[in-house]
Amino acid sequence: MDLGIIQLSEEQKMIVEQVREFAQKEIAPKAAEIDHEGRFPKEIIEQMGQMGLMGINIESEFGGSELDYLTYALVGEELNAACASTGVIFSAHNSLACGPLKKWASKEQKMQWLAPMARGEKLGAFALSEPGSGSDAGALICTCKKEGDHYVVNGTKNWITNGPESDTVILFATMDTALKHKGVCAFVVDKKTPGLSVGKVEHKLGIRGSGTSQLVFENVKLPVAQMIGKEGDGFKIAMSTLDGGRVGIAAQALGIARAAIEAAKSFAQERETFGKPIAQHQGIQFFFADMATRLEAARLLVWRAAILQDRGLPFTKEAAMAKLFASEAANYICDKALQIHGGFGYANEYPAERHFRDQRITEIYEGTSEIQRIVIASSVLKATQI
Ligand code: CAA
């Protein structure tokens, strides 16, 4: 994991060691069952809350661990190397739900909403996408109409990670679709609010232990005090939140890819063909060379984006590059890891097929690879120097 040129602090190294031990001892042995049963790993999330991992970047005054974003990425890699379902629950909660409250909420809102999430007592979700708007996030049609001291929300949100299990939802809705992205507002919402219900729950190819559902809002009354930022700030809040979220998904891709390489390595050192372990065949060795090179290149991009975020510097392009490259590297790595396993890789006796399925979503959620390319190209074309 050490990249040589980027020195981790003693604290970062210690946290990585602790989380790796926890992830390998407590999570990895359950990963196949969580996937097979499509079971939300409630007991693991509770343990992670007790370890301070559910408010990892949140200031201690609001119940968090106050660690930096590089540590968030390092921890994300460790958790995802054990179980990608657990990894995305961690990532959606920390980046997408705690993230916008940390950056945009008032002190009172943080005390009321963020602190219980950061302490691991409540689980968060982020409700931006809709049945008719995913990549074109500004085209959302869920409405919030102001009536006196509250807003009335109507609409359906789609593909919501932690949708079924969450307690607190960061909601994006529009005052007027004619205003396009300038009409979008952000709210923090208690899932138990009357009129808010869980709709269709998805059955997915991978990350099967993480709940993904619709959230349906029918005349949901939200006090003005639950708006995050001001009227019309919502789109910027969503976009800036996704910058951080993309680093988390890139770290997820790293974790899955690393686990796939490790599994393929132990298989290749055991399995013999033509009188020797397959790891001694050059055709297989070339796979390992390409897999490891892509993993380490991806890790450099992920760490760079996280370090820029820690320094308070712009990192939109770098987060998009990290997610694009890491997710496509993970696709390549998991495919080759499965190939190295031959027929065994296609059956669920080995983890290769789970890694292959889990990895695929990293190229889709929190902005598809095509959206990342739009974000990167727009920045490159505006830059005076490449
Ligand atoms: N940070 C802050 N503000 C930003 C921003 C950023 N990263 N990116 C754009 N903005 C601002 C712009 O400055 C602009 O503001 P002004 O009007 O004041 O100038 C405004 O937002 C509109 O920007 P664009 O014109 O670039 O917006 P657009 O409509 O063309 O969309 C897009 C740009 C990049 C394609 C965007 O729609 C996008 O990222 N789409 C993908 C959405 C996405 O990732 N969805 C995933 C949802 S979460 C999920 O996956 C589920 C889960 O639970 C895990």
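Both ligands and their constituent atoms are indexed starting at 1 by order of listing.
- At least one heavy atom of G367 lies less than 4.0 angstrom from ligand 1.
- Contacts between F235 and ligand 1 below 4.0 angstrom, taking non-hydrogen atoms only, involve the side chain exclusively.
- If you check each of S210, G138, S135, S240 against atom 37 (O) of ligand 1, the one with the closest non-hydrogen atom is S135.
- For atom 50 (O) of ligand 1, a protein heavy-atom neighbour is found at a distance under 4.0 Å.
- In this structure, K336 satisfies the cation-pi test against Y332, with its NZ or CZ atom closer than 6.0 Å to the six-membered ring centre and inside 45 degrees of the ring normal.
- The one candidate from T168, L215, N162 that meets the side-chain contact (heavy atoms from CB on, under 4.5 Å) condition with K191 is L215.
- Considering OG1 of T362 and CG of L254, their distance stands at 9.5 Å, rounded to 0.5 Å.
- Under a 4.0 Å heavy-atom criterion, S378 is not in contact with ligand 1.
- Between atom 39 (O) of ligand 1 and the options R246, K323, E366, H93, the minimum heavy-atom separation is to R246.
- By the criterion of a heavy-atom distance under 4.0 Å, neither the backbone nor the side chain of K180 is placed next to ligand 1.
- L53 contributes atom CG, which lies 8.0 Å from atom CG of N94 (distance to the nearest 0.5 angstrom).
- For the atom pair CZ (F235) and NZ (K182), the distance works out to 10.5 Å, reported to the nearest 0.5 Å.
- Residue contacts with ligand 1 for E370 are absent, since no atom lies close enough (heavy atoms, distance under 4.0 Å).
- Residue S129 touches ligand 1 through its side chain alone, judged by heavy-atom distances below 4.0 Å.
- At a heavy-atom distance under 4.0 Å, no atom of A125 approaches ligand 1.
- The protein does not reach atom 30 (O) of ligand 1 closely, with no heavy atom under 4.0 angstrom from it.
- Protein heavy atom at the shortest distance from atom 25 (O) of ligand 1 is H181 CE1, 4.8 Å.
- Using a 4.0 angstrom heavy-atom cutoff, T316 counts as in contact with ligand 1.
- Within the 4.0 angstrom cut-off, atom 18 (O) of ligand 1 has one or more protein heavy-atom neighbours.
- Neither the backbone nor the side chain of T368 comes within 4.0 Å of ligand 1, counting heavy atoms alone.
- A salt bridge between K107 and E61 is present, with a side-chain N of the basic residue lying under 4.0 Å from a carboxylate O of the acidic one.
- Using the six-membered ring where Trp is involved, F344 and Y350 have ring planes that are perpendicular, over 60° apart on the 30 and 60° scheme.
- Remark: minimum distance from atom 34 (C) of ligand 1 to any protein heavy atom is reached at V375 CG2, 3.7 Å.
- If you look at T161 next to ligand 1, the close heavy atoms, those under 4.0 Å, come from the backbone and the side chain alike.
- Screening R20, R299, Q252 against E77 for a side-chain hydrogen bond (donor to acceptor under 3.5 Å, both in side chains) leaves a single residue, R299.
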